[in-house]
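Read the structure below first, then the notes.
Just so we're on the same page: letters track the sequence lines, and every chain starts at 1.
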Amino acid sequence: MSNEITIKNVNMVYGEGGGHRELRNPARGTVALKDVNLDIKKGEFISLLGPSGCGKTTLLRIIANLQNQTSGNVEVAGGTPEQARKSRKYGIVFQSPVLQDWRTIRQNVELPLEISHYPKSKRHELSEAMLRLVGLEKFKDVYPNELSGGMQQRVGIARALIMQPEILLMDEPFSALDEFTRDKLQEDLLNIWSRSLCTVVFVTHNIAESVYLSDRVCVMSPRPGRLSAVIDIDLPRPRKLAMRDTVEFVEYVSKVRNSFEGI
Amino acid sequence: MKLKKILFSSTFITIVWIVLLCSIWELEALHIEQIKRTPEKVFPHLMQIFESIADPKIISNDQTSIELVLTNAYATLERAGIGFLIGALSGFILALLMKFSGIIEKIAFPYLMLIQMIPILGMAPIVFAITQDIGVSRIVISGVLTFYPVAANTLAGLKSVSAENENLFRSYSANVFQTYTKLYIPTSIPFLFTGLKISAPLAITASILVDTLQGGVGLGCLLSQSLKGGMSPFVFWQIIFLSAAIGILSLQVMVIAEKIIMSHKVRWNREKNKNLI
Ligand SMILES: Nc1ncnc2c1ncn2[C@@H]1O[C@H](COP(=O)(O)OP(=O)(O)O)[C@@H](O)[C@H]1O
Ligand SMILES: [Mg+2]
């Protein structure tokens, strides 16, 4: 299978010329990523797992072309990250839903289509389908602050997927949610992913979450931020929540936990 | 419990205020009545002022006192309104430019404060010298006073857009126009209204104040004439009450405009909306 994302010898140093002047550490730059190498295959569900400060967000933002690496090479969807962004190859979901208060749910989901000048009828058709996919078709005409946190995050996912991107980037999307909501959204995410066939890069600091969702877990360690292990999760799909109680699952969780270095 | 609710309801508090102020007024009027020979020239009763509104006596140019006051009020209000619109529009545009370019912000923002510091009465002769027209000067000064609160508040609103929102728009490769119309401007609207609510009464006060400097038509002109005497003393009081009413009304107009523009059931982020003036 071919690669969707290729990361070669990527380094990211903050505060050494790059970055904002006021955030710069005058003594020495922060090494947020050191020699990261990773190939992500088409259609793969991969997670970046690690404690906070190990460079997960930084790596995701480099893939998304929201910032540039200090050195190294990144290829996304057969081109540079910038080309991938400009041709709207990825959708992104952040930790907070980042919805626009003044737009209804449907209008929020249609935002990327508006920016890409889709005609209104096409927008409506796609947003109907997306809202059905995330189970929010009944709420299309309400405003974001009338929804719970979990529902808002679903809107964010629908918005990220509406352009039918090849890649879905997610930065701790469920970490602000309560455990019940998170469980439900994890299961739904797997369903949505199995239907859309996109490649997912999922950032999390929750070990069980990464094992449950992923084909591969990339374990990252801090100071300097680096990729310290990549663990294949050979659990059968489709995965149900009950799987988390099986012996194999628990073994994977402890295997991942034991692979952390220097924390 | 129920009593407490009534006691602290805003209508009840308003009524208490009105009653309190009226009583103080009347006590003072009674006091003046004891010590002055023509008390209505110094401090009339509220009732006398209200009666004077209905007084059909022609006092100047075929007009009764209230007709005279209203004609002049219209002139003042018109100038204040035009100045307010021009000031608000240019303040909003400057805020957009300052957000768009850091250089423009650095050049303009620190010096905008200065506008606020020049006293209006000092500014008026300068503006008059430049424009050579008192009517235009009055408009310009209303505009200048509107300008700063609108520019500063709108800029604060434009800057309140979160980094994640900016990242989102970058991820869509949205162009500058789309980013402004779909992100920055909608986010800044509640802040813009904070500015407008501060400016509207200010523009009117300024307009009246600058009226007093020269003759012509306007509430302020009439005010100086009535102070010099020769006119019914009640004209003065009618002007005072009408000015206060117009000021309050201008604020209410902004409040209603804000409600209409945000008519959908959106609870805008109020905490973010406490900002600089
Ligand atoms: N804009 C920035 N300027 C300076 N240092 C930064 C910046 N962003 C992140 N860092 C630093 O880089 C390291 C990795 O950050 P981040 O990628 O956000 O980690 P994570 O997402 O895993 O918590 C941290 O030490 C953080 O303080
Ligand atoms: Mg992070």
Legend entry - Ionic contact status for A:Glu114 with A:Lys120, cut-off 4.0 Å: no
Legend entry - Residues B:Arg79 and B:Asp211 bridged, charged N to O under 4.0 Å: yes
Tell me, side chain or backbone of [X] under 4.5 Å from chain B's heavy atoms, or both, or neither?
X       : value
A:Arg88 : side chain
A:Ser96 : both
A:Asn65 : both

Inset, instruction - Decide if the gap between the ring center of A:Phe174 and the ring center of A:Phe202 is smaller than 6.0 angstrom. - result: yes
Legend entry - Over 12 non-hydrogen atoms of neighbours within 6.0 angstrom of CG in B:Leu20: yes
Inset, instruction - Could you please spell out the steps behind the side chain to side chain donor-acceptor pair (under 3.5 Å) verdict for A:Glu4 and A:Thr199? - result: CA-CA 7 Å; A:Glu4 185 78 85; A:Thr199 309; 3.0 Å; yes
Inset, instruction - Tell me, for B:Glu164 versus chain A, whether the close heavy atoms (under 4.5 Å) come from the side chain, the backbone, both or neither. - result: both
Legend entry - chain A contacts, top residue of B:Gln178, B:Arg170, B:Lys182 (heavy-atom pairs, under 4.5 Å): B:Arg170
